[in-house]
Number of protein chains: 2
Amino acid sequence: MPTDKNIELIINDGHASAPPKAAKKILDAAYDLFYRRGIRAIGVDEIVKRAGVTKPSLYRSFPSKDELAASYLRQYDLEYWERFDEAIAANPGDPRAQVKAFLTRIGKRTQVADYRGCGMTNAAVEYPDHSHPARVVSEANKQELRRRLRAMAVAMGAQDADTLGDGLLLLIEGAYISGQLFGLGGPAQSVARNADLLIEASLKK
Amino acid sequence: MPTDKNIELIINDGHASAPPKAAKKILDAAYDLFYRRGIRAIGVDEIVKRAGVTKPSLYRSFPSKDELAASYLRQYDLEYWERFDEAIAANPGDPRAQVKAFLTRIGKRTQVADYRGCGMTNAAVEYPDHSHPARVVSEANKQELRRRLRAMAVAMGAQDADTLGDGLLLLIEGAYISGQLFGLGGPAQSVARNADLLIEASLKK
DNA sequence: ATGTATACGTACCGATCGGTAACATTGTCA
DNA sequence: TGACAATGTTACCGATCGGTACGTATACAT
């Protein structure tokens, strides 16, 4: 699933020099395992086994498991905004349609067996400590999501744009969680419809 | 925080005989630690230390750590519906006001430092395996929440009651998650207002 | 070919994980 | 006082945790 763009930026947070090839295999394996089963649930031994490398290779590319988790989330962040921007680009100049497209996509994604929700959200639940490297990345991602949704609510001409933006964020997070809680046929399938109702009720008359 | 009502039901799932006193101390300690820091993050040694008991006592009252986690969630479940029913009882015959009262309470609860969201939701994130004892309790709680919200949407006279009920659930889950993600001043403070907007837009005209 | 640097593997570390065996001590009620 | 159940004490188990010391292989330049 992970696409290896700017991998050196992801792996060590911008202060990179030359990323070894093993690092990508490790990050790919960690991405899949962390996302599907949780960060705390996965040990470094399982990661290196899946990646087909050895443990010292992991610790040459990443300072610690916690930092590897942060790197996983930086990769996740890249792909997240890619999907977001696709929905935006598909509906130029129409913020309501942009939101609807993004939410429709989320609603569809939740309707698969063993859907695991949002990696960012899950990581924040796993690590309540705000100083944990993984949580720092997660919180930044969510702050940015809030900022964008509020800006789009402004562009829609909402009566109370901050409230609408936040309402959309609540629906989105609710879809991530209920998607993994209820499985097929759960409440998350209605996220786009509910968002549209909320938008309709929030526009200036 | 845990009130020890029907503790024998909570501890071993109904098939109880006589609950020893150490079991309550253990469950209380586990409740606080599991909720605040996560189930996977807490070891049994920390629980017995906090409870002022020893490890064999834990394993005389609970078959395993996983079952202790399930007992914690059964206690959580009891208190959850207590709070829910309070909001219902405070507004008899007025489902819209009942929902608003429940959501207002959730919105307030999220606006404290180090808010940790819903123990049920968090447990489901920590344990993606549907057969895990803790997750079984969590999923049952959420199914019941969905059932009640949909029933209340019917009572409100919504055009599409299932969609409104699910929309309210999405907002609630979003509040639990964004409450712990954003801290004070986060999107969760607007959950009641957004719910009311959504209800307004969903009623038959 | 030989030096030099970089990447990789074998084997290991102490700590902690969930869980238990065996026995001593306590409290309670008859 | 006797008896029984509940709890405490101590020591331990194998497995796994995150992390590392140290030797080896490979690449490339000279």
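Note on naming: letters A, B, ... go to the chains in the order of the sequence lines (proteins, then strands), and numbering restarts at 1 for each one.
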Practice prompt. Give me the ring orientation class for B/Phe102 and B/Phe84: parallel if the planes are under 30° apart, tilted from 30 to 60°, perpendicular past 60°.
Written response: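 Rings of B/Phe102 and B/Phe84: perpendicular, over 60°.
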- Have a look at A/Thr54 and say if it touches a base, only the backbone sugar-phosphate, or nothing, with a 4.0 Å heavy-atom cut-off. base
*Which part of the nucleic acid does A/Gly52 contact within heavy-atom distance under 4.0 Å: base, sugar-phosphate only, or nothing?*
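If one applies the 4.0 Å heavy-atom cut-off, A/Gly52 turns out to touch nothing in the nucleic acid.
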With the side chain defined as heavy atoms from C-beta on, B/Lys21 is closest, among D/dT7, C/dG9, C/dT20, to D/dT7
Can you name the atoms? Protein N/O to nucleotides 14-19 of chain D N/O, anything below 3.5 Å, with the distance.
unit_1, atom_1, unit_2, atom_2, d
D/dG18, OP1, A/Lys65, NZ, 2.8
D/dG18, OP2, A/Val44, N, 2.9
D/dG19, OP2, A/Tyr59, OH, 2.7
D/dG19, OP2, A/Lys65, N, 2.9
D/dG19, N7, A/Lys55, NZ, 3.2
D/dG19, O6, A/Lys55, NZ, 2.1

Q | Carboxylate-amine/guanidinium proximity below 4.0 Å for A/Arg37 and B/Glu126 | A | no
Here the salt bridge (charged side-chain N to carboxylate O under 4.0 Å, His left out) pairs for residues 173-186 of chain A, sequence neighbours left out, are A/Lys142-A/Glu173
Residue pairs passing the salt bridge (charged side-chain N to carboxylate O under 4.0 Å, His left out) test with at least one member in residues 176-193 of chain A, sequence neighbours excluded, are A/Arg193-B/Asp160
I need the B/Ile47 CD1 to B/Leu58 CG distance, nearest 0.5 Å.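 One gets 6.5 Å once the value is rounded to the nearest 0.5 Å.
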A/Leu73 side, atom CG; A/Asn122 side, atom CG - distance, nearest 0.5 Å: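 With rounding to 0.5 Å, CG (A/Leu73) is 9.5 Å from CG (A/Asn122).
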Output the rounded distance in Å from [atom1] ([X]) to [atom2] ([N]).
X: B/Ile26; N: C/dG19; atom1: CD1; atom2: P; answer: 13 Å
X: B/Leu58; N: C/dT20; atom1: CG; atom2: P; answer: 11 Å
X: A/Arg60; N: C/dT10; atom1: CZ; atom2: P; answer: 12 Å
X: B/Phe62; N: D/dT7; atom1: CZ; atom2: P; answer: 11 Å

Note to self: Between B/Ser57 and D/dG8, is there a contact of a side-chain N or O with OP1 or OP2 at under 4.0 Å?
What the structure shows: yes
Worksheet item: Want to settle it: does B/Lys25 or A/Pro56 sit nearer the 5' end of DNA chain D, counting the closest nucleotide to each?
Response: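 Its nearest nucleotide lies further toward 5', so the answer is B/Lys25.
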